[in-house]
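Here is the structure we will look at, set down as structure tokens.
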Amino acid sequence: MSEPDQSSGGGTLYVVATPIGHLGDISTRAIEVLRQVDRIAVEDTRHSGRLMQHFAISTPMLALHEHNERHLAPALVEQLQAGQSIALISDAGTPLISDPGFNLVRLARQSGVRVVPVPGPSALICALSAAGLATDRFVFEGFLPAKSVARRTRLEQLVREPRTLVFYESSHRIVESLADMAQVFGESRQAVLARELTKQFETIHQDELGALQHWVQADSYQQKGEMVVLVEGWTQPDDDSLNAEAERILNILMEELPVKTAAKLTARLTGLNKRELYERGVALRKTD
Ligand code: SAM
């Protein structure tokens, strides 16, 4: 394997992707780089130790995680400038993608150190490639805030985002996050839950957000493991068809409920504006 020319004298920082589950997804180039470098910066030496053992890589490791990255980056860059080569990996997937490494890579590049990506798995691209939602334009939002108020505020900023939305989510927050998404984006927006990708219990399930949330809530098995949530981007409603559908729902709900509640529920189901629906409901009542 020939790696980039290092005749300039300085060392190289390799940013190496590792599997997100299936060990067979590591590239031959990644293994060779990990064997050849002087040191490997890892998030957790015990976790990555198992990967090293599996591929018979005996290169020394050093721990670089979110708590010490800023502090360690200058010393590592000095070692790189002195000619050492370092590989950066994370616990899984591509470093810097919701993982540490940004401070080190930025400082290395600012200091004139060569930074070489060794591409491979990332849950983001893996999920997108099989979800069946539009991939020509998408937005990666990483993890949503853990607290509901902040999470809803973030989601509200994305209501009219036309590109496919991709979120990472943890298993213990998936039910509440899907509930917030259904409430903010509307229950009928298409979404995909991509769970345990490349692993034994890989599940890729598509439905409307409301139904998806109920499906996950009803089955604790779907709340386990690692997961990516993808949400269809907002589409400019075809005014006529949406208004007709919203009016149909509003009319049915108003048979049983006060206008205010009917408008609120219709807004949730269609993603339309609650106040405009309320005004429409009041007008419909008058013409009865
Ligand atoms: N750097 C990683 C990457 O490139 O995908 C992501 C690291 S981030 C700390 C971990 C999150 O990625 C998980 O909480 C989950 O949302 C997602 N993830 C990682 N592996 C996954 C898998 N096998 N299946 C589904 N989601 C996964």
Side-chain angles (χ1 to χ4, degrees), residues 13-27 29-30 33-34 40-48 50-51 54 63-69 87-106 115 117-133 135 138-147 151 154-155 158 164-178 180-181 191-206 212-213 215-216 219 221-231:
L13 174 64
Y14 295 94
V15 184
V16 181
T18 58
I20 56 168
H22 197 304
L23 289 181
D25 292 337
I26 199 165
S27 71
R29 182 177 175 216
V33 166
L34 294 175
I40 306 173
V42 306
E43 267 189 278
D44 176 346
T45 48
R46 267 179 48 193
H47 178 96
S48 294
R50 292 192 283 274
L51 186 78
H54 184 88
L64 183 93
H65 41 71
E66 56 174 330
H67 304 295
N68 69 1
E69 185 188 345
L88 170 70
I89 66 170
S90 61
D91 281 354
T94 301
L96 280 80
I97 307 301
S98 293
D99 265 339
F102 169 67
N103 289 293
L104 176 61
V105 168
R106 183 176 56 174
V115 180
V118 181
S122 181
L124 152 70
I125 300 299
C126 182
L128 265 172
S129 72
L133 297 181
T135 51
F138 61 87
V139 189
F140 176 55
E141 279 290 319
F143 288 97
L144 284 165
K147 298 225 168 86
R151 184 163 58 228
R154 175 80 52 84
L155 291 172
L158 297 167
T164 297
L165 295 154
V166 188
F167 303 93
Y168 283 169
E169 193 46 281
S170 80
S171 52
H172 58 276
R173 274 199 293 272
I174 187 64
V175 174
E176 17 176 335
S177 276
L178 286 174
D180 283 345
M181 286 180 194
V192 174
L193 178 69
R195 205 175 61 79
E196 293 288 88
L197 294 166
T198 77
K199 303 188 204 176
Q200 189 180 1
F201 297 109
E202 178 179 88
T203 311
I204 302 174
H205 184 84
Q206 174 167 3
L212 186 66
Q213 191 253 328
W215 181 74
V216 174
D219 182 357
Y221 177 78
Q222 302 303 336
Q223 299 165 27
K224 293 185 168 55
E226 298 196 279
M227 43 196 84
V228 182
V229 179
L230 305 97
V231 181

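Whatever order the structure lists them in is the order used to number ligands and atoms, beginning at 1. Basis for what follows: all heavy atoms, side chains included, without hydrogens, waters or symmetry-related copies.
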Partner set under side chain to side chain contact (heavy atoms under 4.5 Å, CB included) for K147, not counting sequence neighbours: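 By the side chain to side chain contact (heavy atoms under 4.5 Å, CB included) rule, K147 matches no residue at all.
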
Neighbouring residues of ligand 1, heavy-atom cut-off under 4.0 Å: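 Within 4.0 Å of ligand 1, protein side: I20, A92, G93, T94, I97, S98, D99, S122, A123, F143, Y168, E169, A194, E196, L197, K199, E226, M227, V228.
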
Could you tell me whether the side chain of F138 reaches within less than 4.5 Å of the side chain of L124, counting heavy atoms only?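 Answer yes - side chains close enough.
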
Under 6.0 Å from the six-membered ring centre of Y221 and within 45° of its axis: does the NZ or CZ of R195 meet both?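 Flagged: R195 positioned over aromatic ring of Y221.
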
With a sphere of 6.0 Å drawn around NE2 of H47, does it hold more than 12 non-hydrogen atoms of other residues, nucleotides or ligands?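 Enclosed.
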
Just to verify, what does T18 make a side-chain hydrogen bond (donor to acceptor under 3.5 Å, both in side chains) with, not counting sequence neighbours?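 Testing T18 for side-chain hydrogen bond (donor to acceptor under 3.5 Å, both in side chains), a comparison that skips the adjacent residues, returns none.
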
With sequence neighbours left out, write down each residue that passes ring-ring contact (aromatic ring centres under 6.0 Å, His included) with F143, or none if nothing qualifies.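 Partners of F143 by the ring-ring contact (aromatic ring centres under 6.0 Å, His included) criterion, ordered by chain and then number, come out as Y168.
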
